[in-house]
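Below: one structure, written as structure tokens.
Chain identifiers are assigned alphabetically (A, B, ...) following the order of the sequence lines, protein sequences preceding nucleic acid strands; residue numbering begins at 1 within each chain.
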Amino acid sequence: MKETIRNLIAEALDKARDAGQLDLNCSPEIVVEEPRDKKMGDFSTTIAMALAKTEKKNPRVIAEAIAGNMKTTDGDLAGVEIAGPGFINLKMEPSFYLNGLLEVAKRGTGFGNCDLGKNQKVLLEFVSANPTGPLHVGHGRGAAVGDMLGALLKKAGYEVFKEYYVNDVGNQMNTLGRSTWLRYQELYGKNIDFPGDHYQGEYINDVARSVQEEKGDSLLEKAEDEVLPYFREFSARYILDGIKEHLQAFRVEFNGWFSEESLYEGDSVDRIIDGLKDKGYVYEKDGAVWLKTTDFNDEKDRVVVKQSGDRTYFCSDIAYHQNKIKRGFDKIINIWGADHHGYVARMQAVVKTLGFDLENFHTLLVQFVALKRGGEKVAMSTRSGEFITLDEVVREVGVDATRFFFLMRSSDSHLDFDMDLAKKETPENPVFYIQYAHARICSIFRTAEEQGFALPDVSKIKLSRIKEKEELDLVKKILAYPEVIQKSAEALEVHRVSFYLQELVGQFHSYYNKHRIVTDDKELTLARLFLVDCLRTLIRSGLGLLGVSAPEKM
RNA sequence: GCGCCCGUAGCUCAGCUGGAUAGAGUGUCAGACUCCGAAUCUGAAGGUCGCGCGUUCGAAUCGCGCCGGGCGCACCA
């Protein structure tokens with residue numbers, strides 16, 4: 001929509017130049033925006049102010065030269081005005097918008113798709129919680145953001161691959177296995193001194209009971225060294241299965257689960273390190289192997305292989321990212337919890353040493369979630385095992401509300417998640433506000449059908465009957481959707497869509513309260529039904545991105 | 001001490017990457033269903049955009065310095 005306006009202005013600029021009114025020895029970007037105050041017009045541009053410097057003329061003089069070269073006699077342009085220091089304000093004919101509506105009808109939920117991504121392949125890695133315990137609410141936020149970003153990027157023309165990185169290597173796995181082993185022994189009445197640095201959560205008992213079901217007491221008398229591998233693998237698998245189940249219940253799907261352990265099959269990790277050594281990025285010191293991340297803005301170099309010969313987590317990450325690059329992705333996006341922000345610099349260093357363009361490497365940090373209940377913050381601590389799991393929240397407040405609450409805020413802002421509010425089926429709850437609009441439209445159609453109305457072919461609808469201020473505003477808002485999609489995909493900011501939907505639906509509710517859709521006037525009714533049908537399509541599309549359902553009845 | 005994020009209405013947050021008189025929701029107050037769903041709508045009140053300099057035609061937005069809150073600063077994962 002704005003593109004059309006931009007072209008109109010560009011044409012006027014050319015004419016002004018041809019007529020010798022402007023020099024135009026440079027071509028600045030034409031900024032088109034919608035003025036806050038609608039009285040000022042439908043669109044406005046600051047081009048005259050931007051040109052003031054190079055043209056060495058008063059912005060108002062420039063504005064007049066441009067405005068003078070815009071036709072209002074035919075086409076969609078209704079009026080041009082100059083205001084303030086040199087804003088050029090444009091008013092459009094209703095037809096301009098109404099014709100845009102046909103596009104919605106034609107493309108359905110595909111309306112708003114764009115070619116920003118040009119089919120580039122994107123790897124989206126998110127959640128990636130260690131398989132040492134169930135997902136908590138913080139992971140849930142990352143899951144919702146990642147899932148929606150995937151949907152958004154797909155809509156914006158990218159080919160998206162969503163991946164979960166499973167950290168199934170390292171000491172933590174041994175600790176996990178041992179935790180289960182100890183709890184297992186406890187089940188048989190053994191008095192165990194459970195170490196403080198082992199996993200304290202109640203879920204470990206569940207794992208132990210599951211071992212009991214499978215193996216009975218057959219492992220009880222065996223030596224720890226002998227059974228530990230079994231406990232380790234059993235626990236990891238059990239917990240990962242739980243994670244998968246909870247994510248699925250939360251409507252988050254992954255295309256791939258990447259095992260850290262798989263990186264170490266063969267000698268590929270050593271080869272990568274050797275490769276970096278040849279390039280001079282890796283050196284040895286104090287018996288350890290280091291990567292010179294300080295060459296790329298990190299505050300200190302990082303250990304890749306420990307003195308002990310063990311490889312660090314960081315080492316795996318190097319190999320993992322090398323793997324991502326090798327798989328041919330054009331764009332790599334990681335979504336991490338904000339507590340990992342200290343790793344951003346070093347991962348950028350890694351990606352750069354591996355020869356990947358940093359322009360196409362993004363790390364999104366999702367800030368913490370503070371859970372609230374009855375106005376009180378719920379204390380959480382992973383170490384002590386006292387935390388609220390994602391699954392508990394989802395069971396209590398439902399998938400729709402949980403997802404929406406995670407997606408309604410900018411992800412780099414801390415989130416207060418008020419469970420009591422999320423559960424309320426009242427106007428205070430923004431999820432229902434949007435879903436209600438959808439249900440309401442469906443209800444309108446039920447009424448309309450009872451009265452014998454059915455939407456005919458688009459060509460038979462008299463769009464010109466749509467002329468109330470509220471409905472034209474609504475049409476305008478509908479047509480802003482593609483831009484919202486594009487902008488939020490560019491910025492990797494998922495919350496913009498949520499805000500847009502709330503605004504969109506708000507306009508509908510106002511309109512609905514002021515004007516009747518189904519009336520005695522058949523032509524008018526059909527035109528309005530058509531408008532509202534387009535809106536319904538859009539709500540479905542938007543809620544679809546959020547992964548929130550669009551119910552026909554509530 | 002260093003680094004990242006945040007600071008906007010009583011509360012929770014937007015603010016389209018520098019534009020016109022800073023916006024929503026919620027809460028408070030006052031109103032609207034014999035009529036397509038009142039889970040809705042209309043109106044009022046509510047602001048030194050944390051503070052101070054600077055950049056320019058123009059700053060909530062950009063830069064620097066403070067103040068306050070959160071989170072990180074491992075040869076853990």
Side-chain angles (χ1 to χ4, degrees), chain A residues 31 33-37 40 44 46 49-50 52-53 58-59 83-87 89 130 132 167 169-173 175 197 260 285-290 299-300 302-317 337-345 365 367-368 370 372 375 408-410 412-416 418 421 424-433 435-437 439-448 450-451 480 483-484 487-488 490-491 493 495-496 498-500 502-503 506 508-519 525 528-529 532 553-554:
Chain A
V31 178
E33 49 200 20
E34 291 166 52
R36 240 182 267 280
D37 189 344
M40 291 169 172
S44 85
T46 55
M49 277 119 85
K53 246 183 210 163
N58 186 314
F87 290 98
N89 294 333
N130 292 342
T132 54
N167 299 119
V169 175
N171 284 330
Q172 55 169 1
M173 298 319 291
T175 308
D197 62 352
E260 180 182 359
K285 196 184 94 183
D286 303 333
V289 179
W290 300 70
E299 50 194 12
K300 59 174 292 214
R302 306 293 171 177
V303 171
V304 180
V305 183
K306 299 185 231 175
Q307 219 169 16
S308 64
D310 290 334
R311 262 112 15 152
T312 59
Y313 170 79
F314 182 54
C315 177
S316 300
D317 250 343
D339 53 337
H340 285 70
H341 73 250
Y343 299 86
V344 175
L365 295 174
Q367 294 291 330
F368 274 22
K372 279 180 156 181
M408 67 193 273
R409 295 280 129 89
S410 155
D412 52 22
S413 174
H414 292 246
L415 176 71
D416 279 349
D418 187 333
L421 174 60
K424 274 188 192 165
E425 301 195 0
T426 68
E428 297 150 72
N429 191 333
V431 197
F432 292 96
Y433 187 70
Q435 291 183 318
Y436 180 61
R440 190 176 235 182
I441 293 169
C442 291
S443 171
I444 293 170
F445 272 91
R446 286 190 290 268
T447 308
E450 275 168 28
Q451 297 186 19
E483 198 189 335
V484 172
K487 284 263 168 76
S488 43
E490 264 167 6
E493 285 180 357
H495 71 281
R496 295 191 192 193
S498 315
F499 274 91
Y500 167 79
Q502 288 185 80
E503 286 166 11
F508 163 70
H509 285 308
S510 292
Y511 167 54
Y512 174 88
N513 270 274
K514 197 161 172 189
H515 303 285
R516 284 192 61 88
I517 312 280
V518 180
T519 62
T525 301
R528 287 182 172 173
L529 280 174
V532 156
K553 280 183 186 172
M554 293 171 71

State, to 0.1 Å, how close [X] and [Y] come at their nearest heavy-atom pair, and which atoms those are.
X	Y	value
Gln307(A)	Ala288(A)	N-CB, 4.0 Å
Asp416(A)	Lys372(A)	OD2-NZ, 3.7 Å
Val484(A)	Arg496(A)	CG1-O, 4.2 Å
Met173(A)	Asn167(A)	SD-O, 3.7 Å

Measure from the side chain of [X], starting at C-beta and using heavy atoms only, and say which of [options] lies closest.
X	options	result
Phe87(A)	A77(B), G19(B), C41(B)	G19(B)
Gln307(A)	A77(B), A20(B), C75(B)	C75(B)
Tyr433(A)	C71(B), U40(B), C75(B)	U40(B)

Touch class at under 4.0 angstrom, heavy-atom based, for [X] against every strand present:
X	result
Thr46(A)	base
Val169(A)	sugar-phosphate
Asp310(A)	nothing

Determine the interatomic distance between [atom1] on [N] and the same-named atom on [M]; round to the nearest Å.
N	M	atom1	answer
A59(B)	G50(B)	P	15 Å
C6(B)	C62(B)	P	9 Å
G18(B)	G31(B)	C1'	41 Å
A44(B)	C2(B)	P	49 Å
C33(B)	U8(B)	C1'	37 Å
C53(B)	G70(B)	C1'	27 Å
A14(B)	U61(B)	C1'	13 Å
C13(B)	A74(B)	P	30 Å

Whole-Å gap separating [atom2] ([N]) and [atom1] ([X]):
X	N	atom1	atom2	answer
Phe314(A)	A74(B)	CZ	C1'	13 Å
Gln502(A)	A24(B)	CD	P	13 Å
Gln367(A)	G7(B)	CD	P	11 Å
Phe508(A)	A39(B)	CZ	C1'	13 Å
Phe368(A)	C6(B)	CZ	P	15 Å
Asp197(A)	A77(B)	CG	C1'	14 Å
Arg302(A)	A77(B)	CZ	P	14 Å
Tyr313(A)	A77(B)	OH	C1'	7 Å

- Note on the structure: Letter by letter from the 5' end, nucleotides 31-38 of chain B scores (B base, S sugar-phosphate only, - none; protein heavy atoms under 4.0 Å) ----BBBS

- Note on the structure: The contact string for nucleotides 8-18 of chain B, one letter per nucleotide 5' to 3', using protein heavy atoms under 4.0 Å with B, S and - for base, sugar-phosphate only and none, comes out as ----SSSSSS-

- Counting only distance, no hydrogens or angles, is the base of A20(B) paired donor-acceptor with the side chain of Asn89(A) under 3.5 Å? yes

- Query: So, does the side chain of Ser44(A) form a donor-acceptor pair with the base of A20(B) at under 3.5 Å?
  - Reply: yes

- Note on the structure: For Lys285(A), the side-chain contact (heavy atoms from CB on, under 4.5 Å) test, sequence neighbours excluded, returns Tyr283(A), Trp290(A)

- Quick one: list whatever passes side-chain contact (heavy atoms from CB on, under 4.5 Å) with His414(A), sequence neighbours left out. Gln367(A), Phe368(A)

- Query: Syn or anti: how is U17(B) classified when any glycosidic angle within 90° of 0 counts as syn?
  - Reply: syn

- Message: Give me syn or anti for C33(B), where syn covers glycosidic angles within 90 degrees of 0.
- Response: syn

- For RNA chain B, what are the stems built from at least three Watson-Crick or G-U pairs in a row, each pair having both distances below 3.5 Å? B:1-7 with B:67-73, B:10-13 with B:23-26, B:28-32 with B:40-44, B:50-54 with B:62-66

- Taking for each residue the nucleotide of RNA chain B bearing the nearest heavy atom, is the 5' side occupied by Gly342(A) or by Val305(A)? Gly342(A)

- Val431(A) vs Met408(A) side-chain heavy atoms within contact, under 4.5 Å: no

- Query: Should the pair Tyr512(A) and Phe508(A) be assigned to parallel (<30°), tilted (30 to 60°) or perpendicular (>60°) ring geometry?
  - Reply: tilted

- Query: With under 30° as parallel and over 60° as perpendicular, where do the rings of His509(A) and Tyr433(A) fit, or are they tilted in between?
  - Reply: tilted

- Tell me whether the OP1 or OP2 atom of A77(B) has a side-chain N or O from Thr312(A) closer than 4.0 Å. no

- Return no unless some side-chain N or O of Tyr343(A) is found under 4.0 Å from OP1 or OP2 of C71(B). no

- Message: Test side chain to side chain contact (heavy atoms under 4.5 Å, CB included) on Val303(A) and Phe314(A); report intermediate values, then the result.
- Response: CA-CA 8 Å; Val303(A) 171; Phe314(A) 182 54; over 6 Å; no

- Those residues that, when tested against Tyr343(A), pass ring-ring contact (aromatic ring centres under 6.0 Å, His included) (two or more places apart): His340(A)

- Item | Pair Thr132(A)-Gln172(A), side-chain donor/acceptor within less than 3.5 Å | no

- Would you sort out whether Ile444(A) and Val518(A) count as a side chain to side chain contact (heavy atoms under 4.5 Å, CB included), showing the intermediate values? CA-CA 8 Å; Ile444(A) 293 170; Val518(A) 180; 4.1 Å; yes

- Query: Is there a donor-acceptor contact under 3.5 Å from the side chain of Thr312(A) to the main chain of Val305(A)?
  - Reply: no

